Amino acid sequence: MIESEDNSTNDRESAEGNFPQYTLFDITIDPGLKDNEGNEFPRPYTKNQMRKWLKKVKWANRKAEKRAHEKARAKERRREAREANIDLGPNRKALKKMKLEKPKSTTGIIIDLSFDNLMIEKDRFKVIKQILRCYSINRRSDKPLKFHITSFGEKSKTDISRHNGYEHWDIEYHDAGYLDIFPKEKIVYLSSESENIIENFDEDTYYVIGGLVDHNKHKGLCHKIAVEQGIRHAQLPLQKYVNMKTRKVLTIDHVFEIVLRVCEGLSWQETLMKVLPTRKGAHVCDTVSTTSLDVSCNSDDNSM
């Protein structure tokens with residue numbers, strides 16, 4: 001009986017040697033799965049971990065294919081535009097050349113990424129997408145702002161690495177916090193809880209936007225940080241110039257674009273009507289209001 005079992009085992013091992021048994025766990029392309037503290041998970045055995053892991057594998061496998069498809073589609077759009085005599089604006093090569101030639105505003109924007117540990121991966125990705133939008137509108141401006149990202153940690157670097165060539169964007173990345181880089185007297189933190197209403201953006205001044213998507217879990221955090229650090233803080237005069245049907249919460253890229261357009265010379269009303277999404281139902285105020293605002297860079301409203 002024992003001899004029979006040994007023979008059976010040998011036959012099974014021989015068969016497995018001739019016909020290797022592969023499972024999903026043998027997939028070699030594994031972008032990695034980490035928890036919010038950066039610790040690597042072991043091979044994902046739970047159903048939820050497997051779902052996340054396979055999603056990452058699928059994304060990694062299709063990344064090159066998707067990029068090639070986007071290039072082909074862009075080429076086709078340019079061809080169609082030429083045939084229809086439609087101006088699509090400058091191409092990437094022209095934009096890069098313009099970036100070197102256009103003078104920058106002396107006003108700067110800082111996106112503070114010190115909140116990574118307060119967000120799940122999904123919300124961190126939303127922050128990166130909004131930064132991508134900020135970069136896009138800034139480089140197309142005739143008077144781009146100085147664009148800085150501070151507290152650029154490992155999680156943010158991993159998240160932004162999904163976008164090829166990010167290191168060549170016209171953005172200054174800093175591992176350190178803004179107080180370690182810029183003079184305190186030249187920093188203004190934009191926060192909806194501030195009692196100060198801003199009307200003009202000063203030259204040689206850096207305005208901080210909190211890089212946090214928190215769904216109101218950490219309401220008032222940016223203002224609290226500014227007070228504790230002893231730096232200036234202010235809110236945008238949103239309600240003074242427009243009425244809105246929905247909550248007056250803005251995404252990072254909306255706040256960035258408002259600052260940019262005002263610095264370009266647009267009036268506040270023109271800027272707000274141009275930047276605010278139509279679903280906000282914004283319309284020009286009949287009378288000027290001085291009531292407090294609910295404009296926050298701690299955004300849970302993410303429209304790209």
Side-chain angles (χ1 to χ4, degrees), residues 102-112 130 133-134 137-138 140-148 150 178-179 182-212 219-278 280-299 301:
K102 288 188 296 187
K104 280 190 173 64
S105 168
T106 58
T107 303
I109 283 285
I110 299 169
I111 296 183
D112 174 18
Q130 291 175 31
R133 167 69 176 157
C134 295
I137 62 175
N138 194 50
R140 284 173 168 79
S141 171
D142 292 330
K143 193 178 180 182
L145 300 170
K146 294 179 179 178
F147 192 178
H148 297 265
T150 59
Y178 47 84
L179 286 179
F182 306 98
K184 180 182 289 189
E185 64 274 11
K186 293 185 178 182
I187 298 173
V188 178
Y189 214 124
L190 299 178
S191 168
S192 63
E193 284 75 23
S194 175
E195 63 278 11
N196 306 314
I197 299 177
I198 198 165
E199 286 285 351
N200 300 295
F201 297 105
D202 298 329
E203 295 184 353
D204 200 24
T205 302
Y206 296 87
Y207 296 88
V208 183
I209 302 173
L212 174 63
K219 187 174 177 62
L221 180 58
C222 290
H223 180 250
K224 179 181 177 182
I225 290 174
V227 172
E228 290 177 348
Q229 293 178 338
I231 60 177
R232 289 181 291 166
H233 47 81
Q235 59 171 296
L236 303 179
L238 183 64
Q239 195 164 313
K240 179 177 179 180
Y241 293 101
V242 297
N243 291 323
M244 296 169 63
K245 293 181 180 179
T246 62
R247 294 174 60 233
K248 302 171 182 64
V249 177
L250 304 182
T251 58
I252 296 167
D253 52 301
H254 286 151
V255 178
F256 185 101
E257 187 171 6
I258 288 171
V259 178
L260 175 65
R261 300 308 176 200
V262 172
C263 288
E264 286 177 337
L266 284 183
S267 70
W268 277 102
Q269 285 186 339
E270 286 178 305
T271 295
L272 296 174
M273 294 303 295
K274 177 184 178 68
V275 174
L276 297 179
T278 55
K280 293 287 187 182
H283 60 276
V284 176
C285 288
D286 294 329
T287 58
V288 175
S289 171
T290 57
T291 56
S292 62
L293 315 183
D294 185 21
V295 182
S296 176
C297 52
N298 297 340
S299 171
D301 176 12

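Just so you know, these numbers come straight off a predicted model, no measurement behind them.
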Step by step, work out the side-chain contact (heavy atoms from CB on, under 4.5 Å) result for Arg133 and Thr251. CA-CA 11 Å; Arg133 167 69 176 157; Thr251 58; over 6 Å; no
Any side-chain heavy atom of Leu250 sitting closer than 4.5 Å to one from Ile258? yes
Does the Arg232 side chain pair with the main chain of Tyr189, one donor and one acceptor, at a distance under 3.5 Å? no
Nearest 0.5 Å, what's the CG-NZ distance between Asp204 and Lys186? 3.5 Å
Flag the pair His148 / Tyr178 as yes when their ring centroid distance falls below 6.0 Å, and as no otherwise. no
Which is it for Leu238 and Leu272 under the side-chain contact (heavy atoms from CB on, under 4.5 Å) test, yes or no, and what are the steps along the way? CA-CA 8 Å; Leu238 183 64; Leu272 296 174; 3.7 Å; yes
Please name the pair of heavy atoms, one in Gln235 and one in Ser194, separated by the smallest distance, quoted to 0.1 Å. NE2-O, 2.5 Å
Nearest heavy-atom pair of Ile252 and Gly211: which atoms, and what distance? CD1-CA, 3.8 Å
How close do Tyr207 and Asp202 get, heavy atom to heavy atom, and via which atoms? OH-N, 2.7 Å
Is any side-chain heavy atom of Ile137 less than 4.5 Å from a side-chain heavy atom of Asp253? no
Value rounded to 0.5 Å, distance of CG in Leu145 from SG in Cys263: 5.0 Å
Does the distance from a Lys or Arg side-chain N to an Asp or Glu carboxylate O, for Lys274 and Glu270, drop under 4.0 Å? no
Does any part of the side chain of Val275, heavy atoms only, come nearer than 4.5 Å to the side chain of Arg261, both counted from C-beta? yes
Give me the atom names and distance for the closest heavy-atom approach of Tyr206 to Ile110. CB-CD1, 3.6 Å
Any chance you could lay out the side-chain contact (heavy atoms from CB on, under 4.5 Å) test for Val188 and Phe201, step after step, and finish with the verdict? CA-CA 10 Å; Val188 178; Phe201 297 105; over 6 Å; no
In terms of heavy-atom contacts, His223 and Ser191 come closest through CB-OG, 3.1 Å
May I ask you to test the Asn196-His233 pair for a side-chain heavy-atom distance under 4.5 Å? yes
Check this for me: does any side-chain nitrogen of one of Lys219 and Glu193 sit under 4.0 Å from a carboxylate oxygen of the other? yes
Rounded to the nearest 0.5 angstrom, the CG-CD distance for Asn138 and Glu257 is 10.5 Å
Fit a plane to each ring of Phe256 and Phe147, take the angle between them on a 0 to 90° scale, and name the class: parallel (under 30°), tilted (30 to 60°) or perpendicular (over 60°). tilted
Report the distance from atom SG of Cys222 to atom CG of Asp112, rounding to the nearest 0.5 Å. 7.0 Å
Contact check, side chains of Gln229 and Lys184, non-hydrogen atoms, under 4.5 Å: no
Check whether any side-chain heavy atom of Ile209 sits under 4.5 Å from a side-chain heavy atom of Val259, and report yes or no. no
Does a sphere of radius 6.0 Å around CD in Glu203 hold more than 12 heavy atoms from other residues, nucleotides or ligands, not counting ones at 6.0 Å or beyond? no
Distance-minimising heavy-atom pair for Leu260 and Lys143: CD1-O, 3.8 Å
Intermediate values then yes/no, side-chain contact (heavy atoms from CB on, under 4.5 Å), Leu212 and Leu221: CA-CA 10 Å; Leu212 174 63; Leu221 180 58; 4.2 Å; yes
Pairwise side-chain contact, Leu179 with Ile231, heavy-atom cut-off 4.5 Å (strictly under): yes
With a 3.5 Å distance limit and no angle check, can you tell me whether Trp268 reaches the backbone of Glu199 through a side-chain donor-acceptor pair? yes
Are Ser105 and Lys146 close enough that some pair of their side-chain heavy atoms sits under 4.5 Å apart? no
